[in-house]
Amino acid sequence: MAQENKRKIGRIQIPLSISRISWRDLAVTLGPILLLSIIAIWIAFWFVRPAPPDTIVITSGPDGSQFRNTAERYRKILARNDVNLEILPSHGGLENLKRLSDPEFEVDVGFVQGGLAAGLDTDELVSLGSVFYQPAMVFYRSAAPLDRLSALKGERLAIGSEGSGARSLALTLLKANGIEPGGPTRLLDLSGEAAVQALLGRKIDAAILMGDSAVSGAFRKLLGAPGVRLLDFAQAVGYVRRFRYLVKLELPAGSLDLGRNVPEKTLTLIGPTVELIARADMHPALSDLLIEAAREVHGRGGLLQRPGEFPAPLEHEYRISDDATRFYKSGKGFLYRHLPFWLASLGDRTMVVLVPIIVLLIPALRLVPWLYRWRIRARIFRRYGELMAVERAMLSQAAPEEQEKLLKRVDEIEKTVIGVKIPSSFADEVYVLRAHIHFVRDRLARGKAK
């Protein structure tokens, strides 16, 4: 029957618009898929971080302090990856924290010891991990050894300069021992070398020194000075239980000088842990570099720490950043382990853009042929629907004038089929449709003749 219909069509000399492909239909089919892909790529670009900057600003401590010396070591390590570490001197941990908390101050990261966050907005700060212990070294002049801070009441005491973590911790510890500003004890704003010289010159009776504001050589100088002693905290456990950011530390006998046995016995100290604090928006790649530098600098053992103890993701007053948590668990990403830093960064950002293309665009393109065929056939089936409506009207015993209208409608349907561009792969379906149109026309013509 189909062959017979095709032979009938062959006798109808009406040209058809046949092409190899319908570009309009292809464009309409591809359009939504391409639009979704563009949106996905745009979202990826929106959420992907830009290339990491080539400069990090760190707030450290006074010249010669442990904070400053550590920052210098970080700078040399970061320079291997062509990242410049700009070091800002400060009075110590408290000033570092204030700078980081101030959104107007241009700084990215800094050393901050525990116990300084009270009264400051630290919601936008994260920790990259704890990096070392910071013992409070209380040096004093006395004929007999002392083991309590309260014994310094009424003396002249250097507590560190304004803005230093040493001063903040000193005031906290002294207050717990009943020693406060304005009382019989003279609290002097001396730190570092000034405090050392004042103690050696007998201008003060004691000094509380910490690594954020004192040079490391000052400790050795005082330990070897006649008449100067280092406080052995007999109440260390009590301090640690009361102030959760403090830890109990031990300085082994002879650890500073085995020949002279300095110190003469193991001393118990207390102090906070120093953390590497950063702004929450720090680039993940730079976060990885800083933790890697910290691991190289602090990973070895020392007088107060075991090998491999630092850096560590120990959460105290600041939450550990998500990037730091990921680094401590799995280390650097694959690209950063095998490629130079900037090339790995470029590849990392490129992958973020390629993911939506791979996940969305490629599977969607597999649907294009099916959608394209469905669209072309839908156009043909639409004409079948119109043709069936004409047949139903014809069967309702329409009047002659109505039959004339139906014939005109059949002619319009055929013109529509002829005028629309149809891909050559669908030519057989078009010719079958035209055969059916011709069939309906013949029935109408016979009905009209009756």
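Side-chain atoms are counted along with the backbone in the values below, which use heavy atoms only and exclude waters and symmetry mates.
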Checking Q197 against K221 for the side chain to side chain contact (heavy atoms under 4.5 Å, CB included) test, could you report, in this order, the C-alpha distance in whole Å, the side-chain angles of both residues, the deciding distance, and whether it holds? CA-CA 10 Å; Q197 294 302 323; K221 186 184 297 185; 3.8 Å; yes
Is there a side chain to side chain contact (heavy atoms under 4.5 Å, CB included) between V83 and I56 once you walk through the steps? CA-CA 7 Å; V83 175; I56 305 175; 4.0 Å; yes
I would like to know whether E72 and K76 meet salt bridge (Lys or Arg N to Asp or Glu O under 4.0 Å); could you show each step before the answer? CA-CA 7 Å; E72 293 287 352; K76 293 179 181 178; over 6 Å; no
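For R434 (side chain) and E414 (main-chain N/O), no donor-acceptor pair under 3.5 Å exists by modelled atom type. R73 places no side-chain N or O within donor-acceptor distance of the main-chain N or O of A293, the cut-off being under 3.5 Å. Counting only distance, with no hydrogens or angles, the side chain of S90 and the backbone of S60 share a donor-acceptor pair below 3.5 Å. Of the possible polar contacts, one joining the Q305 side chain to the R300 backbone as a donor-acceptor pair under 3.5 Å is found. Not a single donor-acceptor pair under 3.5 Å links the side chain of Y140 to the backbone N or O of L152. At least one donor-acceptor pair closer than 3.5 Å links the side chain of D108 to the backbone N or O of V57.
Looking at heavy atoms from C-beta onward, P313 lies out of side-chain contact with T325 at the 4.5 angstrom threshold. At least one side-chain heavy atom of Y328 sits under 4.5 Å from a side-chain heavy atom of I291. Between E275 and S130 the shortest side-chain heavy-atom distance falls below 4.5 Å. Looking at heavy atoms from C-beta onward, L169 lies out of side-chain contact with I208 at the 4.5 angstrom threshold. A 4.5 Å side-chain heavy-atom check between F139 and V196 finds every atom pair outside the cut-off. Counting heavy atoms from C-beta on, the side chains of L276 and V109 come closer than 4.5 Å. Counting heavy atoms from C-beta on, the side chains of L187 and L174 come closer than 4.5 Å. Side-chain contact between M282 and V126 is absent, with no heavy atoms from C-beta onward closer than 4.5 Å.
Note: F243 and Y245 have tilted aromatic rings, judged against thresholds of 30 and 60 degrees for the angle between ring planes. Ring pair Y239/F233 is perpendicular by interplanar angle, where above 60° counts as perpendicular and below 30° as parallel. The aromatic rings of F132 and H298 sit tilted, their planes meeting at an angle between 30° and 60°.
Within a 6.0 Å sphere centred on CZ of R75, other residues, nucleotides and ligands contribute more than 12 heavy atoms. More than 12 heavy atoms of other residues, nucleotides or ligands lie within 6.0 Å of CD in E412, so this atom counts as buried by the packing criterion.
Considering all non-hydrogen atoms of both residues, V112 and L116 come closest at CG1-CD1, 4.1 Å. Scanning both residues, L171 and I159, for their nearest heavy atoms gives CD2-CD1, 3.7 Å. Taking each heavy atom of N69 and G64 in turn, the nearest pair found is ND2-O, 3.3 Å.
Taking a cutoff of 4.0 Å between a charged side-chain nitrogen and a carboxylate oxygen, R80 and E296 qualify as a salt bridge. Ion pairing of R99 with E95 is present here, as a side-chain N (NZ or NE/NH1/NH2) and a carboxylate O approach within less than 4.0 Å. Comment: E386 does not engage R382 in a salt bridge, judged by the lack of any side-chain N to carboxylate O separation of less than 4.0 angstrom.
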Tell me which donor-acceptor pairs under 3.5 Å the side chains of residues 260-274 have, and how far apart each pair is, sequence neighbours excluded?
| residue | atom | partner | partner atom | Å |
| --- | --- | --- | --- | --- |
| R260 | NE | D257 | OD2 | 3.0 |
| N261 | ND2 | E264 | O | 3.3 |
| T266 | OG1 | A253 | N | 3.4 |

